[in-house]
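Data block below; observations after.
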Amino acid sequence: MLMTDKLNRNIYSGELIGNNPELTSELRLWRFVICQAISDSYLGTNKEKITIGLWIRGDDFTKVCDLADLNSENVRKSIYEILISKPIIARHLGEKLKKFIQNHASRHH
């Protein structure tokens, strides 16, 4: 499903992050929510990891990704890979993904 942002400047395609020229506080907030889920996927308890696994399969996750200007399918695949990896690899993948999201989130500020 293709969606456009509030100002009709961006179409979400297959990229992890769209080309949004300015990042609002709301956008940064939703990206933080995603980054927290990523942290929980490799630092959390087994119960938290199961919760993250269930959450990334639902509509709420897709909505949060849309609000964060992130491609939900790509982020979902990345988090799933973290969840099924051994702890040291999961941590590496998670930190790398969070850094990528955070660096792009602050690129225009």
Side-chain angles (χ1 to χ4, degrees):
M1 174 168 85
L2 291 177
M3 298 179 67
T4 58
D5 70 7
K6 292 177 185 174
L7 299 177
N8 249 351
R9 289 182 288 187
N10 186 35
I11 293 180
Y12 302 104
S13 60
E15 297 177 31
L16 182 65
I17 296 178
N19 296 319
N20 203 351
E22 58 185 47
L23 299 171
T24 64
S25 296
E26 180 183 352
L27 189 72
R28 288 191 305 272
L29 170 68
W30 291 114
R31 287 185 181 190
F32 178 80
V33 170
I34 296 293
C35 287
Q36 184 61 51
I38 294 166
S39 292
D40 291 347
S41 71
Y42 65 87
L43 293 174
T45 64
N46 286 338
K47 184 177 178 181
E48 290 169 326
K49 292 176 183 181
I50 291 168
T51 301
I52 295 297
L54 294 172
W55 182 61
I56 65 173
R57 293 183 188 131
D59 289 339
D60 285 345
F61 176 77
T62 302
K63 289 175 187 173
V64 169
C65 285
D66 286 345
L67 292 167
D69 193 20
L70 299 171
N71 180 281
S72 61
E73 281 304 310
N74 291 342
V75 177
R76 182 179 286 117
K77 288 175 190 174
S78 296
I79 293 175
Y80 179 75
E81 186 176 351
I82 292 165
L83 287 168
I84 63 170
S85 295
K86 294 183 180 190
I88 191 77
I89 295 169
R91 184 179 193 108
H92 171 74
L93 294 173
E95 293 293 331
K96 184 177 173 182
L97 181 58
K98 287 191 318 183
K99 187 175 183 179
F100 181 78
I101 291 171
Q102 291 166 345
N103 285 342
H104 282 79
S106 62
R107 179 175 60 180
H108 299 290
H109 287 282

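In this structure, the side chains of E48 and T45 come closer than 4.5 Å at one or more pairs of heavy atoms. Here the side chains of L97 and I101 are in contact, with some heavy-atom distance below 4.5 Å. With contacts defined as side-chain heavy-atom distances shorter than 4.5 Å, the pair E81/I89 does not qualify. Looking only at side-chain heavy atoms (C-beta outward), L83 and I56 come within less than 4.5 Å of each other. Residues R28 and R31 have side chains not in contact (no heavy-atom distance under 4.5 Å, counting atoms from C-beta outward).
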Quick one, V75 with N71, criterion side chain to side chain contact (heavy atoms under 4.5 Å, CB included). Give me CA distance, side-chain angles, the key distance, then yes/no.
CA-CA 6 Å; V75 177; N71 180 281; 5.7 Å; no

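One distance of note links SG of C35 with CH2 of W30; it measures 13.5 Å at 0.5 Å rounding. Here the straight-line distance linking atom OG of S25 with atom CG of L29 works out to 8.5 Å at 0.5 Å rounding. Atom CG of D66 and atom CG of D59 lie 10.5 Å apart (nearest 0.5 Å). For the atom pair CG of L67 and OG1 of T62, the computed distance is 11.0 Å after rounding to the nearest 0.5 Å.
Annotation for K49 and D40: closest pair CG-O, 3.8 Å, computed over non-hydrogen atoms. Nearest approach of I38 to S41, heavy atoms of both residues: O-OG, 2.5 Å. Contact between K98 and S39 at its shortest, heavy atoms only, is NZ-OG, 2.7 Å. Heavy atoms only, all atoms of each residue included: S72 and F61 are closest at O-CE2, 3.5 Å. Minimum interatomic distance between W55 and I34 (heavy atoms only, all atoms of both residues): CH2-CD1, 4.1 Å.
Hydrophobic clustering (ILVMFWY, side-chain heavy atoms < 4.5 Å, transitive): F32 and L27 are in distinct clusters. No continuous path of hydrophobic side-chain contacts links I50 to L43 [ILVMFWY only; heavy atoms under 4.5 Å].
For residues 86-95, every residue pair satisfying the side chain to side chain donor-acceptor pair (under 3.5 Å) rule, not counting sequence neighbours, is listed here: Y42-E95.
Within a 6.0 Å sphere centred on CD1 of I88, other residues, nucleotides and ligands contribute 12 heavy atoms or fewer.
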